[in-house]
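Given the structure is predicted, the values throughout are model-derived calculations rather than measurements. One is the number of the first residue; the rest follow in order along the sequence.
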Amino acid sequence: MRWLVLLGLVAFSECIVKIPLRRVKTMRNTVSGKNMLKNFLKEHPYRLSQISFRGSTLTINPLRNIMDLVYVGNITIGTPPQEFQVVFDTGSPDLWVPSLFCTMPACSAPVWFRQLQSSTFRPTNKTFTITYGSGSMKGFLAYDTVRIGDLVSTDQPFGLSVAEYGLEGRNYDGVLGLNYPNISFSGAIPIFDNLKNQGAISEPVFAFYLSKNKQEGSVVMFGGVDHHYYKGELNWVPLIEAGDWRVHIDRISMKRTVIACSDGCEALVHTGTSHIEGPGRLVNNIHRLIRTRPFGSKHYVSCFATKYLPSISFTINGIKYPMTARAYILKNSRGRCYSTFKENTMRTSRETWILGDAFLRRYFSVFDRGNDRIGLARAV
């Protein structure tokens with residue numbers, strides 16, 4: 001997941017493209033939550049074409065935030081265009097949506113791509129499998145025209161799923177990956193690289209603003225940065241190495257006491273994950289310090305206590321990024337408050353954290369592919 005912003009932000013600000021996002025449930029959520037979200041979507045119908053706005057130098061697609069979970073934006077594939085809701089995911093580089101050939105239960109809810117209805121569709125014989133922490137998909141590679149607002153990627157490779165595992169109950173159609181091409185499961189060129197190579201964007205930069213507790217406001221920007229979405233200056237963090245949106249963390253502390261990452265650690269900046277994830281032993285220690293009570297897959301705390309719980313600070317490249325209790329504690333639809341810290345399933349030789357949407361709601365993020373770095377600033 002990489003994003004590029006150069007020093008001349010003002011010079012190319014006219015080329016910014018903003019893609020608002022819709023927040024929906026992750027593939028990890030419970031059945032009861034799934035049904036609740038389905039009812040919400042039925043009661044609040046939405047069509048991109050009804051509220052999209054186009055200016056002379058800026059494209060803004062509408063978005064809405066559903067329950068502070070996953071952020072999803074609209075794209076179209078094919079000619080004439082077929083609309084899909086996808087997760088804009090900095091954790092993976094591949095784009096995929098369900099195909100008509102997928103008859104598994106996981107494929108029953110989303111929209112299918114109807115390849116025979118697209119005059120620009122081009123199939124291939126290449127198959128591949130994508131593995132996520134909570135599931136996987138198997139599919140085949142194809143080519144077609146993909147649009148993100150006014151951005152058009154012609155002959156764009158993308159995946160069409162024929163089998164999906166562990167993805168049942170999701171309320172989005174597919175995934176649009178924004179990571180580096182070298183970790184692609186399909187071996188296809190990611191859409192961001194294609195847009196850059198085709199000259200659709202002036203600078204290899206994209207950025208996220210993720211709102212909280214509002215149905216509207218979240219955006220992903222391509223080609224530049226709009227400074228109205230953050231306060232102060234962008235702080236640039238070099239990637240550990242080019243090829244993944246992974247940065248070094250100096251320490252994680254609470255009340256000036258180091259509670260994790262005592263010898264330094266690494267973190268993935270991940271828009272496709274709703275939580276802040278870390279090694280189980282360290283996450284359990286954080287939950288002990290903030291006195292949560294486990295129930296099911298979550299750790300709950302008194303909502304009243306969020307007024308008094310201390311901030312948890314991530315020191316990155318020498319700069320502290322504090323997370324207040326209101327940032328790391330969320331309230332569910334039943335009025336119960338729970339921690340966004342969660343044990344990750346990654347098995348690495350180093351201490352690894354995932355800075356997901358809970359962190360990125362508080363900090364505006366810029367992914368700079370040209371300089372292999374990430375910019376962070378306090379979101380407005």
Can you give each donor-acceptor pair under 3.5 Å made by side-chain atoms of residues 252-262, sequence neighbours left out, with the distance rounded to 0.1 Å?
none

Can you list the residues that meet the ring pair (Phe, Tyr, Trp, His ring centres under 6.0 Å) rule with Tyr321, with sequence neighbours excluded?
Tyr363
For a 4.5 angstrom cut-off between non-hydrogen side-chain atoms, does Gln82 reach Arg114?
yes
Are Val175 and Tyr132 packed together at the side-chain level, in the sense that at least one heavy-atom pair is separated by less than 4.5 angstrom?
yes
For Thr124, the side-chain contact (heavy atoms from CB on, under 4.5 Å) test, sequence neighbours excluded, returns Lys126, Leu141, Tyr143
Is the shortest side-chain heavy-atom distance between Leu360 and Val269 below 4.5 Å?
yes
Ignoring hydrogens and angles, write down the donor-acceptor pairs under 3.5 Å from the side chains of residues 152-159, residues two or more places apart or on other chains.
unit_1, atom_1, unit_2, atom_2, d
Ser153, OG, Gln156, OE1, 2.7
Ser153, OG, Asn194, ND2, 3.1
Asp155, OD1, Arg122, NH2, 3.1
Asp155, OD2, Arg122, NH2, 3.0
Gln156, OE1, Asn194, ND2, 2.8
Gln156, NE2, Ile189, O, 3.1

Look up atom CG in Leu355 and atom CD1 in Ile249, then write down how far apart they are to the nearest 0.5 Å.
5.0 Å
Check: residues 279-294 side-chain donor-acceptor pairs under 3.5 Å, at least two apart:
unit_1, atom_1, unit_2, atom_2, d
Asn284, ND2, Gly280, O, 3.1
Asn285, OD1, Arg288, NE, 3.4
Asn285, OD1, Arg288, NH2, 2.6
His287, NE2, Ser339, OG, 2.9
His287, NE2, Phe341, O, 3.3
Thr292, OG1, His287, O, 3.4

Listed partners of Phe364 passing ring pair (Phe, Tyr, Trp, His ring centres under 6.0 Å), at least two apart
Tyr230
Student check: side-chain heavy atoms of Thr76 and Phe84 closer than 4.5 Å:
no
Quick one: salt bridge (Lys or Arg N to Asp or Glu O under 4.0 Å) partners of Asp250, sequence neighbours excluded?
none
Check for me whether Arg251 meets the cation-pi criterion with Phe314, that is, NZ or CZ under 6.0 Å from the six-membered ring centre and within 45 degrees of the ring axis.
no
Looking at residues at least two apart in the chain, or sitting in another chain, which of them share a salt bridge (Lys or Arg N to Asp or Glu O under 4.0 Å) with Arg350?
Glu266
Decide yes or no for Tyr165 and Leu167: does some side-chain heavy atom of the first lie under 4.5 Å from some side-chain heavy atom of the second?
no
Residues forming a side-chain contact (heavy atoms from CB on, under 4.5 Å) with Pro238, sequence neighbours excluded
Asn317
The side-chain contact (heavy atoms from CB on, under 4.5 Å) partners of Ser99 (sequence neighbours excluded) come to Phe101, Cys102, Phe140, Leu160, Val162
Taken in chain and number order and not counting sequence neighbours, the residues that satisfy ring pair (Phe, Tyr, Trp, His ring centres under 6.0 Å) with Phe304 are Tyr308
Could you give all pairs that pass the salt bridge (charged side-chain N to carboxylate O under 4.0 Å, His left out) test and reach residues 312-323, with sequence neighbours left out?
none
Report yes if the side chains of Leu176 and Val87 come closer than 4.5 Å at any heavy-atom pair, otherwise no.
no
